[in-house]
*Asks:* 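What follows is a single structure, and I will ask about it in a moment.
Atom set for the values below is all heavy atoms of this structure, side chains included, hydrogens, waters and symmetry mates excluded. First listed ligand is number 1; within each ligand, the first listed atom is number 1.
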Amino acid sequence: MRHATVEDAIDHARRALAAAERVVVFTGAGVSAESGVPTFRGAGGLWKTFRAEDLATPEAFARDPRLVWEWYGGRRALVAACAPNAAHRAIARFAATRPGVAVITQNVDGLHQRAAHDAGASVLALHGTLFGARCTRCGRRTPHDLPVDATSLDTLPHCDACGALLRPDVVWFGETLDPHVLDAAFDAARSAEVCLVVGTSALVQPAASVATLAARAGAMLVEVNAEATPLSDSADVVLRGRAGEIVPVLLDKGDPV
Ligand code: OAD
């Protein structure tokens, strides 16, 4: 549906979000851009400077674990110095006060979780976390937020249980997502009345299917993004702009604009 004015579009989305019992909030790197975390695609995106196949694949880690840990350690340090922004906080408040809201993110930066922790809400992280590690031999998962010394193979993090090399607990290209997390996300998508999609290029599968599944099952699709995406044409409401400015207007109580 096309709206006569931006105010009409915001009002339509706000009313639908306020009235719905089951809502999915599905986010990507753009929701963290205003916190200072670089996105992957678009202007200033990480994949403009770095090659994903050198850093974010199992083959890259097998070839050069030092390089991959150095990169993830650097991203972890950068993100640790960032704070949740107004969009993360509004989403966390919305989810904490409404039992039928599922927050599903592709982000590994932990900013939704940090905002949610204060508000008491939970988050489905489809692509894992920068602040965790997983053993390459026994598969044991462990929280890991220490600085990474990538000067040699020996200084890289190793498993407390079996001594083998740890790897970042993120999902790389060519890997399957945790089936429990993905099933929970798809279940929430199929039963959502409204799907609010924030700051994702919607190009990476299967994550992007959260939005398309929801729409196919009848959910109203609301997109908040700085640019057009493959979802824009089929979205019921498209709001172009910055997540930190638009999302609080959509989710926080107050007079309709
Ligand atoms: P992308 O970098 O592909 O897309 C970021 C989106 O955010 C773009 O559509 C931008 O237009 C939008 N954007 C940027 N700044 C914004 C702002 N302030 N407010 C609103 N929107 C803004 O990031 P993702 O879609 O999250 O996967 O990427 C998906 C996956 O590809 C990531 O999880 C990661 C990546 O490679 C893996 O590493 C497996």
*Asks:* Check this for me, if you would: do D187 and R190 make a salt bridge, where the nitrogen-to-carboxylate-oxygen distance has to be below 4.0 angstrom?
*Replies:* yes
*Asks:* Which atom pair, heavy atoms only, marks the closest approach of A33 to T39?
*Replies:*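 Closest approach of A33 to T39, heavy atoms only: CB-CG2, 4.2 Å.
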*Asks:* Heavy atoms under 4.0 Å from ligand 1: which residues qualify?
*Replies:* G28, A29, G30, A33, E34, T39, F40, R41, W47, Q106, H127, V171, F173, G199, T200, S201, V204, N225, A226, E227, G241, R242, A243
*Asks:* Answer yes or no: is there an ion pair linking E193 with R98, defined by an N-O contact shorter than 4.0 Å?
*Replies:*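 A salt bridge is absent here (no side-chain N lies under 4.0 Å from a carboxylate O).
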*Asks:* Holding to side-chain contact (heavy atoms from CB on, under 4.5 Å), I want the full list of residues that pass it with S234, two or more places apart in sequence or in another chain.
*Replies:*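 side-chain contact (heavy atoms from CB on, under 4.5 Å) list for S234, sorted by chain: L221.
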*Asks:* One thing to verify: whether E223 and R240 come together as a salt bridge, which I'm taking to mean a side-chain N less than 4.0 angstrom from a carboxylate O.
*Replies:* yes
*Asks:* Classify the ring geometry of W71 against W47: parallel below 30°, tilted from 30° to 60°, perpendicular beyond 60°.
*Replies:* parallel
